[in-house]
Number of protein chains: 2
Amino acid sequence: MSKSVEPRGIATVPDVAREAGVSTATAARALGGYGSVRESTRERVLAAAEQLGYRANSLARSMITGSTRTLGVVVSDIENPFFRRSLRGIADTARAQGFEVLLANTDEELDKEETAVRLMTERRVDGLVVCPADGGDRSHLREVIAAGIPVVLLDRSVAGLQADTVGIDNRKAARAATEHLLANGHREIAILTGGTPTMLERMLRPDMRGVERASATTVGARAAGFRDAMTAAGVPIRPELISSGGYRREDGEAETARLLALDDRPTAILAFDAMQSLGAFHAIARAGIRCPQDVSLLGFDDTEWADVVSPALTVVAQPAYEIGVAACRLLLSRIEGAGGAVAHRRLPTELIERGSVGPWLAT
Amino acid sequence: MSKSVEPRGIATVPDVAREAGVSTATAARALGGYGSVRESTRERVLAAAEQLGYRANSLARSMITGSTRTLGVVVSDIENPFFRRSLRGIADTARAQGFEVLLANTDEELDKEETAVRLMTERRVDGLVVCPADGGDRSHLREVIAAGIPVVLLDRSVAGLQADTVGIDNRKAARAATEHLLANGHREIAILTGGTPTMLERMLRPDMRGVERASATTVGARAAGFRDAMTAAGVPIRPELISSGGYRREDGEAETARLLALDDRPTAILAFDAMQSLGAFHAIARAGIRCPQDVSLLGFDDTEWADVVSPALTVVAQPAYEIGVAACRLLLSRIEGAGGAVAHRRLPTELIERGSVGPWLAT
DNA sequence: CTGAAAGCGCTAACAA
DNA sequence: TTGTTAGCGCTTTCAG
């Protein structure tokens, strides 16, 4: 009675093998597409599988092969214009190679990042794309790398971590952006960084100590680029024009309102990301201040709405999608065993001039 | 010699057990947090694990327990304002319960959806949130459900599929939006649907045949709501004002340009999603037509930029984040074994009046 | 509370 | 080409 009973639940390789009248090894070979199986046998096995509604169990397969064909992606917030576009690039590239993507948001919180990375490594992802949150000793990433799991850092780098990185040259891009404002006659330039005060203090100290450490972060590097340009032009940096209030739109809005209320308000604002640009834009409009006549705005990241607002936003466009693609490609090549030194891919940015930056005529 | 050799590669339960001087069963109990282990023993095991750098292997665990604590999310495009916000809701809810999210984009292509669903079920996800692409027989979803894997449909429903759904009442929302335009005196109202011509023909045929089938899709249901309002008001629908050109911003832009070039152009445009609103907005501005004086615009989905453009956009706001949360909660409850009839959660929408809809004074 | 042994579904030698 | 057999790393009876 127990021998002729119908298999309960989902069909397995032995079930299919029995149905097709072959051994489990042969059935597995036909089903898994490896080894060699006579064409007629394969067809028989496939037919049996079809009939039984067989579905491969990736878990069992992965346990043996040691590969899950799954990538982990850990970013601060998939709703952010830069990350959502990068993620699309990663996902498209992964899918084209038959890889799936496991996703996690960290909101820049280190413990969420650690948990996400642990959970993903426990699920035995073949590799990770991580945009590391600031702070901490990054031992969780170090351990992953030590365990031989390839990690590619997105957008940011971590000093002393032996991981590939893909992004832009933040310092150079910020310097170019600042120079564009300087070339337009601006001297009172504010930056909307989103970073923490401590990081910026370290970054902007006149003695330049701590530059190396801070410039490993995106915000730090951009602040450094800003200072490079200001210093080169001999324009003093006013501390109260350095904003550091968080990465959300409301943060940018509140900080801009503060800047605009200053007695000696800035004539130009450089926003370090798209959500802050948007907040700044809104704050300027609400304050009834004209852009670009009264204040110019230059933001990082080109978005779907940048050319629709009025005036259209002048931006430093990052090739976010391509950065995702490059990060994924690099990760896949490491997974396939590509050796060699740690790579740091820097993709080009583009300053797209639209209407939000205007000349400032010396008063 | 082979007995005292150091374990190669990553430490496993037997390695930890040996180090702690206990059986694999006890070590596994301490590590996995199940069964009962004396406190002192647990500490010893945990210390050994720590020392060996032990990392649990979720694959092996899942094979036995039958649970991966992983959810699959299949949407058309994570960059879309509605989906990215919903996805965030799903991800946050999943993380709070210790679940991970496997993500896939389909671009509304059925074969990508089928592949994604197959890959995810092979990876033994505990459940799926799917925004099903239009068309096909949906047998891939039927099979998943038949296999006992819970599926929650997001945003759309599929006629005849025994799956829970979470979204809004599209027909009602579109009707309310249309009524808002009618109340403002508009009679020549165009809709930017994004859908296919065939679907819309079926939807808008005067005899109403095919309504049931078409209204299962989001676009179909919204078109139905539009017709409901127009019919109730006794206002004829002009076929050339029904646009169907794809869901991207450029599609909305091109279609709006076409509409505005019409001899008898519409006085109001109702866009079925955010990217089309954005395209319409841009097309209106480029045509040098004033909004809302010359043409009113009403769009679905509230976005980060809706109140920043000028005029600010009047929209039908969907609670996208909450929809994601609700979908995830429902899915988790099914995974936990909650039975009962198929549920259809409809969350409330809100018409947010800003500046893009104005009164039309009869000429 | 702890241990021995069986086995989840699959692949990978090794033989035949 | 096909079959036999031995596990992957873990959980889970069932004894003790």
Side-chain angles (χ1 to χ4, degrees), chain A residues 2 7-46 48-49 52-69 119 121-126 147-148, chain B residues 2 7-46 48-49 52-70 119 121-126 147:
Chain A
S2 73
R8 285 275 122 243
I10 197 165
T12 65
V13 170
D15 295 330
V16 175
R18 203 176 306 127
E19 181 74 20
V22 296
S23 71
T24 59
T26 298
R29 280 190 272 253
L31 260 14
Y34 60 90
S36 35
V37 186
R38 193 192 302 152
E39 184 53 33
S40 60
T41 310
R42 194 222 310 290
E43 280 166 13
R44 205 142 39 86
V45 172
L46 262 33
L52 266 47
Y54 170 82
R55 320 252 28 193
N57 185 329
S58 285
L59 302 173
R61 176 174 297 165
S62 294
M63 262 185 71
I64 298 167
T65 62
S67 156
T68 53
R69 293 192 82 76
L119 253 31
T121 53
E122 288 184 356
R123 278 170 176 69
R124 295 296 190 264
V125 293
D126 291 340
Chain B
S2 73
R8 286 275 120 246
I10 194 162
T12 65
V13 170
D15 295 329
V16 176
R18 201 176 306 126
E19 182 75 21
V22 295
S23 71
T24 59
T26 297
R29 279 191 270 256
L31 260 15
Y34 59 90
S36 33
V37 187
R38 194 193 302 151
E39 186 52 33
S40 61
T41 311
R42 195 222 311 288
E43 280 166 12
R44 203 141 41 84
V45 172
L46 262 33
L52 266 46
Y54 170 81
R55 319 252 29 193
N57 185 329
S58 286
L59 301 174
R61 176 173 296 166
S62 294
M63 261 184 72
I64 297 166
T65 63
S67 157
T68 52
R69 293 192 81 76
T70 302
L119 253 31
T121 53
E122 288 184 356
R123 279 168 175 70
R124 294 298 189 265
V125 293
D126 291 341

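This structure is a prediction, so every number in the text was calculated from the model and none was measured. So you know, we letter chains A, B, ... as the sequences are listed, proteins then strands, and number each from 1.
- Contact between A:Thr41 and A:Thr26 at its shortest, heavy atoms only, is CG2-CG2, 3.8 Å.
- Checking C:dC10, D:dT12, D:dT11 against every side-chain atom of A:Ala60, the shortest atom distance belongs to C:dC10.
- Each of C:dC1, D:dC10, C:dC10 was ranked by its minimum atom distance to the side chain of B:Arg38; first place goes to C:dC1.
- Of the candidate nucleotides D:dG3, C:dG3, D:dC10, D:dG3 has the atom nearest to the side chain of A:Arg29.
- When each of B:Leu46, B:Val45, B:Asp15, B:Val13 is paired with B:Tyr54, the side-chain contact (heavy atoms from CB on, under 4.5 Å) condition holds for B:Val13 and for no other.
- If you take CG of B:Asp15 and P of D:dC10, they are 9 Å apart, rounded to a whole angstrom.
- No donor-acceptor contact under 3.5 angstrom links the side chains of A:Arg124 and A:Ser62, judged on distance only.
- The listed nucleotides are D:dT2, C:dG9, D:dT11; the one nearest the side chain of A:Ser36 is D:dT2.
- For the pair B:Leu59 CG and C:dG9 C1', the computed distance is 12 Å after rounding to whole Å.
- Here the side chain of A:Thr26 is nearest to one of D:dG9, D:dT2, C:dG9, namely D:dT2.
- Closest of all the heavy-atom pairs between A:Arg61 and A:Gly32 is NH2-CA, 3.9 Å.
- For A:Val37, taking side-chain heavy atoms from C-beta onward, the closest of the listed nucleotides C:dT11, D:dT2, C:dA4 is D:dT2.
- Comparing D:dG3, C:dT2, C:dC10 by their nearest atom to the side chain of A:Val13 picks out C:dC10.
- Contact detail for A:Ala49 and A:Leu31: the closest heavy-atom pair is CB-CD1, 3.8 Å.
- Contacts of B:Ser62 with the nucleic acid, taken as non-hydrogen atoms under 4.0 Å apart, are absent.
- Considering only side-chain atoms of B:Ala25, the nucleotide from C:dT2, C:dA4, D:dG9 that sits closest is C:dA4.
- Of the residues near DNA chain C, B:Arg124 and B:Thr24, the one whose nearest nucleotide (by heavy atom distance) lies more toward the 5' end is B:Thr24.
- As judged by a 4.0 angstrom heavy-atom cut-off over every strand, A:Thr12 is placed among residues touching the sugar-phosphate backbone only.
- Between D:dG9, D:dT4, C:dG3, one nucleotide has an atom nearer to the side chain of B:Ile64 than all others, and that is D:dG9.
- Here the nucleotide nearest the side chain of A:Tyr54, chosen from C:dA12, C:dC10, C:dG7, is C:dC10.
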